[in-house]
Amino acid sequence: MPSNNIQLDDSGRLQHFLSIEGLNQEILKEILDTAESFTSVADRTIKKVPILRGKTVANLFFEASTRTRSTFELAEQRLSADILSLNVDTSATVKGESLLDTLQNLEAMQIDMFVIRHQDSGSAYFFAQHVRPGVSVLNAGDGQHEHPTQAMLDMYTIRHYKKDFSSLRVAIVGDILHSRVARSQIHALNLLNTAEVRVIAPRTLLPVDTESLGVAVYEDLEKGLDDVDVIIMLRLQKERMRGALLPSEKEYFRKFGLSQERLQRARPDAIVMHPGPANRGVEIESSVMDGTQSVILQQVSFGISVRMAVMAMIVGQSGLQSGVDA
Amino acid sequence: MTLHIKNGLVVDTAAATTQVVDLFLMNGKIAGIGSAPAGFKVEQTIDAVDCWIMPGLIDCQARLRDPGEPEKANIESETEAAIKNGITTLCIPPDTQPPIDNSATVELIHHRNEMFGHQARVYPIGALTRGLGGKQLSNMASLRDNGCIAFSNAKQKLANNLVQRRAMEYAAGQRSLVIIQPLDHDLLGNGCAHEGAIATRLGLPAIPEAAETAALAKDIELVAQTGARTHFGQLSCARSVDMIRRAKAKGLPITADCAIHQLFLTDHDIGNFDSNMLTIPPLRSQYDRDALREGVADDTIDCLCSDHQPHEVDAKLKPFPSAEAGISGLDTLLPLALRLVEEGVLPLAELITRLTLNPATILGLPGGRMGIDEVADLVIVAQEAHWICRAGDFISKGKNTAFEGWDFRGRVTHTLVDGNIVYQA
């Protein structure tokens with residue numbers, strides 16, 4: 001547990017958003033409530049509120065991203081921020097500039113908020129420790145550590161369909177070892193008092209002491225899906241075959257792919273989620289992905305309001321009192 | 001020059017005892033213990049009341065970054081740090097730039113130490129293979145003749161077991177010591193933290209115990225096969241201690257050390273991705289730490305070293321997995337070791353053997369003994385001096401400590417090499 005929790009200011013309000021771990025239930029609920037108040041913005045003719053007007057947000061992606069980056073950008077635009085987006089792997093760091101130099105050069109351009117994705121676990125904390133006071137850092141994925149906005153949009157989706165976490169069984173299926181999404185989801189589900197959090201994966205894709213994260217571990221998909229209310233499928237990266245973690249995509253699908261038949265093990269009203277991008281026929285059957293229980297596309301649209309909520313809370317404006325009505 | 005050191009509590013490493021007794025030094029050697037030799041004329045006296053007097057420490061693994069990495073450290077800065085912290089002898093692994101695989105580099109190191117050093121003894125460990133490339137044997141005999149005290153491939157990979165076997169055989173044939181840091185590079189991968197609950201929670205690429213133990217098991221088998229006298233460096237796992245203990249019981253010519261920081265830190269100390277806690281091998285569990293302490297206490301682990309790895313600030317100013325590994329350890333070797341006594345791990349005199357007599361014996365070096373005609377490499381330590389560890393006060397150029405703010409007891413007041421006072425507080 002981070003003892004020096006730099007995410008919160010002295011009065012317990014968000015100043016950075018780095019990891020779900022270290023936050024509390026009140027803040028998670030505030031994010032979900034704030035996000036809910038933002039969903040109406042998307043239905044307007046002018047999809048904008050002035051909460052970040054006059055603020056500059058830099059999106060720093062050291063790793064490729066499609067949906068996280070575009071939903072962050074949309075969220076920033078809808079909050080009226082000025083935006084600077086950089087794919088850093090194609091710019092300065094290739095020329096040998098250190099990470100900290102890149103950050104400080106951008107700071108000199110009066111950036112108020114950084115949205116950062118980087119391949120190193122802990123990089124979000126690193127950046128937050130080194131920005132000037134008053135500048136905020138949002139973690140858009142740091143290595144295999146956390147991806148907290150993704151987890152919050154998943155929580156939003158679950159709450160939208162299932163209301164009360166305390167009666168839910170949630171199963172997270174797939175590559176837990178390499179997944180920052182899974183780590184954030186597990187912390188968030190536990191903070192929200194989810195009745196049971198299960199992870200289901202072959203042993204090679206489970207970190208040691210997975211149970212210490214507060215989950216029940218299953219190595220058999222069918223048993224793990226019994227009576228669950230929510231199924232979260234994780235993306236399986238093709239590199240995992242080369243690393244000798246798995247024999248083949250075919251065998252993975254046979255043992256851990258979500259098919260219509262296996263979906264029957266879950267509760268009849270179970271929802272199926274996936275943080276994307278999905279590999280049809282590897283971790284999930286097309287008919288399940290496009291089926292009635294799938295809420296995968298809804299997740300994407302909720303992602304915008306959740307990211308708006310986090311940014312609004314960081315600049316100190318919770319909800320829409322000052323925003324939507326303006 | 002002659003010197004009379006009176007009233008000090010002298011640590012006799014060979015007998016593993018301490019007693020208050022006067023020392024008389026002459027011509028760079030210990031000339032009298034308890035009473036002056038006939039005709040001894042005192043030229044200088046040190047009153048060492050309330051001080052320990054022990055042989056100068058022999059650090060069997062310290063990187064001085066010289067030649068090749070002046071931004072990190074150099075012989076001048078690091079020998080100064082050594083003698084101010086009671087370390088009179090430094091053994092330096094071959095992964096300098098260029099590596100110590102040729103006589104010119106050995107001579108360069110000796111030359112720089114003579115020109116710029118602060119009178120600590122510096123002994124290069126030669127590369128086991130050319131360029132540490134792991135494929136072709138280095139010119140071990142020539143390197144030995146030029147002053148390499150042992151041979152090691154540092155943390156670099158050997159191409160295969162055949163190369164390792166032959167390197168060990170060749171070294172054994174010329175009675176040279178082989179030093180191995182057991183590490184399976186495939187199992188190490190891009191890992192940066194002990195495989196356990198902490199790495200799982202932080203999402204840090206993990207280093208399993210087997211990265212050390214699987215390699216060590218194979219290495220021990222090759223010792224049995226080749227008969228090469230082998231020293232295993234910087235062990236980190238409980239299972240390794242057990243393996244060394246059993247191999248010694250079988251009579252294999254094996255010795256071992258561990259880095260002093262492994263006896264105090266665990267993976268919990270990584271906290272919030274503190275890059276000063278990044279080491280290879282990694283900080284492991286409490287269980288491993290306790291087993292290492294037991295191994296030190298029962299002499300399974302013969303030596304304690306600093307595993308000194310000074311870095312410039314930028315090397316650590318990176319996210320944890322991208323930062324460079326290692327701790328600047330010269331300034332904290334002795335105070336941490338003394339803490340083992342305070343914490344009841346082993347008595348002072350036995351502890352000091354792990355830092356003096358044992359490495360001297362294993363590496364065939366002068367010093368480490370408190371006896372008549374032994375070389376007068378000595379350190380005098382004020383027993384009750386309390387101080388707080390501050391990186392800013394480090395003499396080493398590397399300020400990358402893992403012990404910032406620690407409260408230490410015992411401070412060096414004098415360091416002597418060859419009977420000369422090379423440092424006085």
Side-chain angles (χ1 to χ4, degrees), chain A residues 1-7 18-22 62 93 97-104 116 118-130 139 141-147 176-184 186-187 199 206-215 217 243-245, chain B residues 71 184-213 237 239 266-278 282-288 311-325 404-405:
Chain A
M1 196 65 57
S3 50
N4 51 339
N5 195 342
I6 57 173
Q7 298 197 82
L18 310 175
S19 61
I20 301 292
E21 195 188 16
F62 294 86
T93 49
E97 185 177 75
S98 85
L99 270 184
L100 215 49
D101 287 338
T102 305
L103 189 75
Q104 282 163 354
I116 305 181
H118 189 277
Q119 60 276 13
D120 280 343
S121 301
S123 52
Y125 271 93
F126 175 79
F127 288 118
Q129 282 162 345
H130 290 98
N139 183 5
D142 63 328
Q144 301 163 15
H145 177 225
E146 288 222 29
H147 190 353
I176 309 295
L177 177 63
H178 299 92
S179 177
R180 54 193 172 212
V181 175
R183 283 176 179 75
S184 288
I186 290 166
H187 289 306
V199 300
L206 286 167
V208 295
D209 288 344
T210 308
E211 294 85 352
S212 67
L213 296 171
V215 295
V217 175
L245 287 156
Chain B
E71 71 282 8
D184 182 303
H185 287 259
D186 297 315
L187 289 170
L188 172 68
N190 65 344
C192 61
H194 169 63
E195 187 171 80
I198 301 286
T200 292
R201 187 167 61 75
L202 296 177
L204 290 171
I207 304 174
E209 280 174 54
E212 177 169 305
T213 54
C237 299
R239 291 175 59 81
T266 66
D267 57 350
H268 279 82
D269 291 295
I270 293 171
N272 234 344
F273 302 100
D274 181 352
S275 62
N276 279 319
M277 301 295 168
L278 172 61
L283 302 178
R284 294 203 181 268
S285 67
Q286 180 86 34
Y287 175 75
D288 293 301
H311 284 295
E312 76 281 21
V313 173
D314 285 347
K316 291 286 188 184
L317 211 49
K318 289 175 183 166
F320 191 91
S322 291
E324 292 183 51
E404 180 72 18

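Proteins come first, then strands; the chains are lettered A, B, ... in the order of their sequence lines, and each starts at number 1. The model shown is predicted, which means the values in this text are computed figures rather than measured ones.
In this structure, the separation between CD on A:Q129 and CG on B:L317 is 9.5 Å, given to the nearest 0.5 Å. A distance of 11.0 Å separates CG in A:D120 from OG in B:S275, rounded to the nearest 0.5 Å. Rounding to the nearest 0.5 Å gives a distance of 9.5 Å between CZ of B:R201 and CD of A:E146.
A:H145 and B:F273 have perpendicular rings, their planes meeting at more than 60° on a 0 to 90° scale where under 30° would count as parallel.
Partners of B:T266 under the side-chain contact (heavy atoms from CB on, under 4.5 Å) rule, at least two apart in sequence or in another chain, are B:H268, B:D269, B:Q286, B:R289. Every ring pair (Phe, Tyr, Trp, His ring centres under 6.0 Å) that A:H118 has, sequence neighbours left out, goes to A:F62.
The part of A:R183 that comes within reach of chain B is its side chain, from C-beta onward, which places non-hydrogen atoms under 4.5 angstrom from that chain. Neither the backbone nor the side chain of B:A206 comes within contact range of chain A, judged by heavy atoms closer than 4.5 Å. For A:H130, the part lying under 4.5 angstrom from a heavy atom of chain B is the side chain only.
Chain B forms more heavy-atom pairs under 4.5 Å with one residue of A:P207, A:S212, A:G143, A:S179 than with any other, namely A:P207.
Not a single donor-acceptor pair under 3.5 Å links the side chain of A:S123 to the backbone N or O of B:P319.
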Item to check | Check against side chain to side chain donor-acceptor pair (under 3.5 Å), B:T200 and A:D209 | outcome: CA-CA 7 Å; B:T200 292; A:D209 288 344; over 6 Å; no

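Among all heavy-atom pairs drawn from B:L204 and A:S121, the shortest one is CD2-CB, 3.7 Å.
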